[in-house]
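First the structure, in the form of structure tokens, and then the observations on it.
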2 protein chains.
Amino acid sequence: MLSDVMEDYLKAIYALQQESDDPVATSAIAEYLDVTPPTVTSMVEKLEERELVEREKYKGVELTDEGETVALEVLRHHRLLEAYLTEHLDYSWSEVHEEADTLEHHISEEFERRVAELLDDPEVDPHGDPIPSADLAPIEDDDTTPLSDRDEGEAVVVARVSDRDEAELQYLSDAGITPGTELVVRDVAPFGMVTVGVGGEASGDDEQKGRGEAEQSLPEDVARSIRVRSAVEEVA
Amino acid sequence: MLSDVMEDYLKAIYALQQESDDPVATSAIAEYLDVTPPTVTSMVEKLEERELVEREKYKGVELTDEGETVALEVLRHHRLLEAYLTEHLDYSWSEVHEEADTLEHHISEEFERRVAELLDDPEVDPHGDPIPSADLAPIEDDDTTPLSDRDEGEAVVVARVSDRDEAELQYLSDAGITPGTELVVRDVAPFGMVTVGVGGEASGDDEQKGRGEAEQSLPEDVARSIRVRSAVEEVA
DNA sequence: TATAAGTTTTAGACGGGTCTAAACGCGGAC
DNA sequence: GTCCGCGTTTAGACCCGTCTAAAACTTATA
């Protein structure tokens with residue numbers, strides 16, 4: 001059996017691996033999980049013994065296939081819970097993450113199955129993040145890119161918003177930027193700030209009608225946490 | 001903060017205190033939680049330091065008011081979860097306990113609040129056990145007694161069934177004995193076995209109709225785990 | 001009332017998860 | 001090509017929750 005802390009490490013390594021493809025550095029994990037580097041070293045040694053990660057001293061770690069499967073299992077729990085809490089327990093878009101972060105380690109397979117069934121096997125969670133399938137097959141790359149990589153004039157649709165920062169999420173939600181929202185990139189400042197026009201079609205049924213189009217400036221790190229796809233592709 | 005293990009100890013001490021009123025013995029806790037007595041000793045020492053229990057060496061422990069409040073909080077979580085899982089996630093009467101036993105330590109106060117609201121502040125869980133109120137006031141004694149204490153000829157209504165043993169629960173469920181079921185005590189054997197006639201009105205909407213009255217013999221320990229109230233009092 | 005039987009506690013060990021302090025190694029700068 | 005700095009690992013400590021083995025206590029009994 002794996003402790004919930006071990007699951008957190010695997011989830012963290014998985015997330016960091018998505019961002020860069022290089023082996024994940026000790027310090028990156030330490031920062032992500034808010035522990036000290038020596039703590040990470042000792043933990044990854046244990047994970048290595050269990051063959052959940054491969055490690056090269058002073059270089060970094062990577063998940064083994066088995067480690068990735070565990071990470072996907074936890075991620076599936078997390079995202080199913082986010083969807084469930086939002087749809088059935090009236091949690092708001094932004095407050096769901098913390099609850100799911102704890103519960104993901106403690107629900108049974110039976111619970112997972114029943115929630116998935118009740119939600120009709122959703123493919124994405126409320127933030128737009130893909131939910132790993134029940135067979136835990138690796139998630140395929142999607143066609144999204146960070147908003148910060150887009151150029152002026154492009155019309156895009158919000159696909160995913162990082163769920164790591166509740167305040168940021170609340171801010172974006174208030175600004176009407178949620179998965180499904182259409183954006184037009186108005187300006188990209190040299191220091192990375194992106195100004196967008198917020199278009200119609202916010203996803204969902206909030207009272208965001210009649211607000212008309214608005215401009216919104218987003219600091220670079222916020223823009224990087226928003227993943228979008230080109231508006232034209234939406235037809236598919 | 002309290003670990004989930006500490007919460008389990010407090011819950012165990014609470015449950016054992018209900019059964020006897022005497023200070024709870026180390027060995028009783030050890031058996032209840034399936035650990036060794038030395039483990040219990042070291043744990044209750046820690047609980048004593050935190051003023052959650054009062055302890056007299058070689059005698060036993062009792063919950064302080066604070067300890068009882070914690071136990072009631074955990075019990076509230078447990079029983080709300082049992083009710084919730086049964087009503088909203090289609091869990092059967094007998095499989096609910098294990099899931100609730102884990103989740104009770106990990107749901108937030110917010111989750112508790114929302115579940116209670118959704119269920120319209122239920123007073124009992126699916127086993128008939130009273131759910132502590134949100135203010136965690138001590139549970140008042142109810143008017144139930146173990147079926148094993150009843151005499152031949154008495155007509156009673158099932159109020160509560162212990163949720164500690166899933167197989168037993170399944171058995172009783174199959175026999176049509178659930179909270180709300182009317183029973184008549186037919187015979188009490190010298191060795192404690194109780195034979196009852198299972199009457200109409202099973203609680204709920206299962207397909208238990210048309211089965212007619214049946215006789216059912218219950219070993220003494222099973223009969224002791226079923227709490228009943230006199231049928232006449234039901235009018236109130 | 002002395003002793004045996006049974007329960008409880010003490011002593012000491014271990015793995016998990018974390019820390020701080022100090023030693024180590026890698027890669028860039030000179 | 002050597003050295004310095006920063007990131008990483010080693011060393012050693014601590015608390016939690018658990019165990020086994022052995023000592024201490026309580027109680028029932030002879």
Side-chain angles (χ1 to χ4, degrees), chain A residues 1-14 16-17 19-63 67 70-71 74 101-102 104-106, chain B residues 1-14 16-17 19-63 67 70-71 74 101-102 104-106:
Chain A
M1 278 304 82
L2 252 37
S3 71
D4 50 352
V5 174
M6 286 179 182
E7 291 182 350
D8 280 333
Y9 276 81
L10 294 173
K11 204 176 56 151
I13 295 166
Y14 180 86
L16 293 166
Q17 229 163 27
E19 291 181 4
S20 79
D21 255 29
D22 294 331
V24 178
T26 301
S27 54
I29 302 171
E31 190 184 348
Y32 194 93
L33 293 176
D34 201 24
V35 295
T36 60
T39 303
V40 173
T41 299
S42 83
M43 192 67 229
V44 295
E45 278 170 0
K46 285 165 198 157
L47 294 174
E48 190 182 24
E49 275 168 30
R50 298 189 189 219
E51 298 183 41
L52 295 165
V53 302
E54 267 167 23
R55 189 165 98 91
E56 204 179 337
K57 271 200 197 173
Y58 294 100
K59 286 298 190 312
V61 294
E62 285 177 73
L63 295 177
V70 173
V74 178
D101 235 17
T102 300
E104 63 186 5
H105 305 296
H106 303 290
Chain B
M1 280 302 82
L2 253 37
S3 69
D4 49 353
V5 174
M6 285 181 181
E7 290 181 351
D8 279 334
Y9 276 82
L10 295 173
K11 201 175 58 151
I13 295 165
Y14 180 87
L16 293 166
Q17 228 164 26
E19 292 180 4
S20 80
D21 254 30
D22 295 333
V24 178
T26 301
S27 54
I29 301 171
E31 190 184 348
Y32 193 94
L33 293 177
D34 199 25
V35 294
T36 59
T39 303
V40 173
T41 299
S42 83
M43 191 68 228
V44 294
E45 278 170 0
K46 285 166 198 157
L47 295 174
E48 190 183 24
E49 274 169 29
R50 297 190 187 216
E51 298 183 43
L52 295 165
V53 303
E54 268 167 22
R55 187 166 100 92
E56 203 178 338
K57 269 199 196 174
Y58 294 99
K59 287 297 191 311
V61 295
E62 287 178 71
L63 295 177
V70 173
V74 178
D101 235 16
T102 300
E104 64 186 5
H105 306 295
H106 303 289

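In what follows, chains carry the letters A, B, and so on, assigned in the order in which the sequence lines appear, proteins first and then strands, with residues in each chain numbered from 1.
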* Can you establish whether the number of heavy atoms outside B/Glu54 located under 6.0 Å from its atom CD is more than 12? => no
* Evaluate the side-chain proximity of B/Leu47 to B/Arg50: yes if any heavy-atom separation is below 4.5 Å, no if none is. => no
* To do: Using a cut-off of strictly less than 4.0 Å between a heavy atom of the residue and any atom of DNA chain C, enumerate the qualifying residues of residues 19-29 of chain B by number.
  => B/Ala25, B/Thr26, B/Ser27
* Sequence-distant partners of A/Asp101, salt bridge (Lys or Arg N to Asp or Glu O under 4.0 Å), two or more places apart -> A/Lys11
* Structure fact -> When rounded to the nearest 0.5 Å, the distance separating CG of B/Leu63 from OH of B/Tyr14 is 9.0 Å
* Nucleotide range of DNA chain D contacted by chain B, 5' to 3', under 4.0 Å to a heavy atom? -> D/dG17 to D/dC25
* Decide yes or no on side-chain contact (heavy atoms from CB on, under 4.5 Å) for B/Tyr32 and B/Val24, but give the supporting numbers first. => CA-CA 11 Å; B/Tyr32 193 94; B/Val24 178; over 6 Å; no
* Asked: So how far is it from A/Met43 CE to A/Leu10 CG, rounded to the nearest 0.5 Å?
  -> 7.5 Å
* Contact summary for A/Val74 and A/His105, nearest pair of heavy atoms -> CG1-CE1, 4.2 Å
* Structure fact -> In short, B/Ala30 meets B/Thr36 closest at the heavy-atom pair CB-C, 4.0 Å
* To do: Could you grab the distance from atom CD of A/Glu7 to atom CE of A/Met1, nearest 0.5 Å is fine?
  => 9.0 Å
* To do: Take nucleotides 13-19 of chain C nucleotide by nucleotide from the 5' end and write B, S or -, depending on whether a protein heavy atom sits under 4.0 Å from the base, only from the sugar-phosphate, or from neither.
  => ---SBBB
* Asked: Are any non-hydrogen side-chain atoms of B/Ile29 and B/Val61 less than 4.5 angstrom apart?
  -> yes
* Asked: Do any N or O atoms from the side chain of B/Ser42 and from the backbone of B/Thr39 form a donor-acceptor pair under 3.5 angstrom?
  -> yes
* **Any residue of residues 51-63 of chain B with a heavy atom less than 4.0 Å from an atom of DNA chain C** => B/Arg55, B/Lys57, B/Tyr58
* **Pairs flagged by salt bridge (charged side-chain N to carboxylate O under 4.0 Å, His left out) wherever residues 21-45 of chain A is involved - sequence neighbours left out** => A/Glu45-A/Arg55
